[in-house]
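Inspection log for the structure reproduced underneath, given as structure tokens.
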Number of protein chains: 2
Amino acid sequence: MGRVSDGKERLMDAVRELIWTGSYGSTTIDQICDKAGVKKGSFYYFFKCKSDLAVAAIDADWQIRRVELDALFSPTTPPLERLRRFCEYSAQAQAAMKAKFGRVLGCPQFCLGSEVSTREDQLQQKVMEMLEHRRKYLESAIRDAHAQGAVIAPDAAAKSRCLFAYFEGLLTQARIQNDLGVLTEAQTGMFALLGVSVPPVSPV
Amino acid sequence: MGRVSDGKERLMDAVRELIWTGSYGSTTIDQICDKAGVKKGSFYYFFKCKSDLAVAAIDADWQIRRVELDALFSPTTPPLERLRRFCEYSAQAQAAMKAKFGRVLGCPQFCLGSEVSTREDQLQQKVMEMLEHRRKYLESAIRDAHAQGAVIAPDAAAKSRCLFAYFEGLLTQARIQNDLGVLTEAQTGMFALLGVSVPPVSPV
DNA sequence: TTGGTAGTTATCTGTTTAGTCAAGTATTGG
DNA sequence: CCAATACTTGACTAAACAGATAACTACCAA
């Protein structure tokens with residue numbers, strides 16, 4: 001089997017952080033290698049180009065996010081409570097990033113997608129796939145809420161697209177303004193979109 | 001006065017199109033000069049660097065947008081009708097871009113902002129200024145609608161931030177997916193956020 | 001018509017960048 | 001311990017890039 005290495009993983013971690021704290025276009029392969037502590041020759045041993053690395057990094061990241069989101073959106077949690085916790089969790093995650101990097105970073109996929117969608121086909125496809133995955137969580141929560149009579153949303157898919165656009169818009173605004181305050185309105189806005197005037201009380 | 005030139009304007013037009021159809025980071029000064037039909041020496045005669053040009057281009061563009069938006073949001077138009085027309089106008093503008101470039105391009109400021117906010121201070125400031133200008137139109141329409149009793153929105157500023165995040169999120173999604181269909185839900189979503197279930201009939 | 005001003009151009013420099021490659025080294029399974 | 005494999009390394013090339021400059025040219029105003 002020859003020797004083993006975590007160079008691939010280090011490269012994926014590096015590119016994720018660099019793109020997220022900066023941008024895809026402004027991130028060079030040299031920078032990625034420096035941050036990962038990997039020589040450029042090794043980079044090209046593992047990956048064909050920057051976009052291939054980015055796609056792999058997004059896939060690897062999704063394996064982690066999926067577990068977190070599965071827990072947040074567990075069907076054992078009341079549907080509107082899932083949404084509330086999702087807002088809360090997202091705001092906390094953004095706060096953590098701000099503490100670490102001095103910057104509100106927003107949604108990595110959404111930012112990347114809006115930057116590269118016109119130029120990088122594979123990356124755009126991958127981003128769309130990831131965003132669609134995320135939207136599904138909202139959709140099923142909304143469908144469950146409708147079934148329970150907690151909200152009126154006969155078309156859960158359409159409603160989830162609304163909520164999703166709103167939420168991603170809010171995250172991006174928080175990034176642009178570098179302001180966590182933007183996210184305090186997330187819950188209110190989400191529930192306004194659902195036609196529920198007041199967020200529900202949270203059961204344990 | 002010496003000779004006059006529209007080189008400056010051509011450079012501003014070129015950079016706007018290149019950033020919008022691609023991205024800020026992937027747009028080089030050589031590309032801008034080529035597209036503008038201006039030599040690099042002239043570029044540096046007019047501007048200190050790429051970001052200075054971008055800021056100037058945004059300012060110049062705003063002079064045009066302002067007139068259009070002033071017309072759309074004229075106080076002589078019923079407030080909810082202003083919002084409806086704004087959605088319609090935006091969707092048409094996106095359709096025009098798709099026809100011209102084969103791409104849904106979304107909001108130039110929002111995309112640029114999310115790309116460069118962590119790296120280019122002046123540009124970030126300018127983008128924030130522009131986005132704030134645009135949001136104000138929504139705010140005053142909502143305030144007027146509330147005063148008329150057409151919607152219940154005692155905090156027009158907060159409501160406008162909601163609508164704005166939603167709308168920008170939707171535009172960005174349309175860009176990422178390169179799909180005009182995303183925008184068909186804009187009106188429905190906007191009015192859902194306002195707590196008005198059905199968009200009002202449009203008077204002349 | 002002329003002189004100063006506004007703008008143009010070709011050419012140059014040094015740096016950063018992506019991408020290649022051949023030779024080397026560590027590791028693992030047999 | 002050996003040999004196949006998995007990875008590493010540094011040195012290389014060629015292109016793209018930002019930015020500078022000096023000489024040139026067109027235009028307006030007096």
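The sequence lines fix the lettering, A, B, ..., with proteins before strands; numbering per chain opens at 1. All of these numbers come straight from a predicted model, not from anything done at the bench.
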Salt bridge flag under 4.0 Å for residues [X] and [Y]:
| X | Y | answer |
| --- | --- | --- |
| R16(B) | D13(B) | yes |
| D61(A) | R65(A) | yes |
| E81(A) | R84(A) | yes |

Practice item. From the options D59(A), D121(A), D52(A), select the one residue that forms a salt bridge (charged side-chain N to carboxylate O under 4.0 Å, His left out) with K126(A). Key: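 Among D59(A), D121(A), D52(A), the one meeting salt bridge (charged side-chain N to carboxylate O under 4.0 Å, His left out) with K126(A) is D59(A).
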Check your understanding: Does the gap between the ring centers of F86(B) and F73(B) come in under 6.0 Å?
Key ->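 So the answer is yes for these two rings.
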**Study point:** Distance-minimising heavy-atom pair for F43(B) and C33(B)
**Key:**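 Minimum heavy-atom separation between F43(B) and C33(B): CB-SG, 3.7 Å.
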Practice item. Indicate the atoms forming the closest heavy-atom contact of M128(B) with Q177(A), along with that distance. Key: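 It is SD-CA, 3.9 Å.
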Review point. How would you label the contact of S42(A) with the nucleic acid (heavy atoms, under 4.0 Å): base, sugar-phosphate, or nothing?
Key: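 Touches a base.
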Exercise for review: Using a cut-off of strictly less than 4.0 Å between a heavy atom of the residue and any atom of DNA chain C, enumerate the qualifying residues of residues 26-39 of chain A by number.
Suggested key: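 DNA chain C contact set from residues 26-39 of chain A: T28(A), I29(A), D30(A).
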Rounded to whole angstroms, how far apart are [atom1] on [X] and [atom2] on [N]?
| X | N | atom1 | atom2 | answer |
| --- | --- | --- | --- | --- |
| F46(A) | dG19(C) | CZ | C1' | 17 Å |
| D6(B) | dA6(C) | CG | P | 17 Å |
| F43(B) | dA10(C) | CZ | C1' | 18 Å |
| K8(B) | dT8(C) | NZ | P | 12 Å |
| L11(B) | dA18(D) | CG | P | 13 Å |

Check your understanding: Residues from residues 49-59 of chain A sitting under 4.0 Å of DNA chain D, heavy atoms only?
Key ->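 Output list: empty, so none.
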Check your understanding: Within a radius of less than 6.0 Å around CD of E129(A), do more than 12 heavy atoms belonging to other residues, nucleotides or ligands occur?
Key ->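 More than 12 heavy atoms, drawn from other residues, nucleotides or ligands, come within 6.0 Å of this atom.
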Review point. Among dT28(C), dA18(D), dG19(C), which nucleotide sits nearest the side chain of K40(A)?
Key: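 For K40(A), the side-chain atoms sit closest to dG19(C).
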Check your understanding: Is T118(B) reaching over with its side chain to a backbone N or O of T21(A), donor-acceptor style, under 3.5 angstrom?
Key ->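 It does hold such a pair.
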Check your understanding: Think Y44(A) has a side-chain N or O under 4.0 angstrom from the OP1 or OP2 of dG19(C)?
Key ->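 The answer is yes; a side-chain N or O of Y44(A) sits under 4.0 Å from OP1 or OP2.
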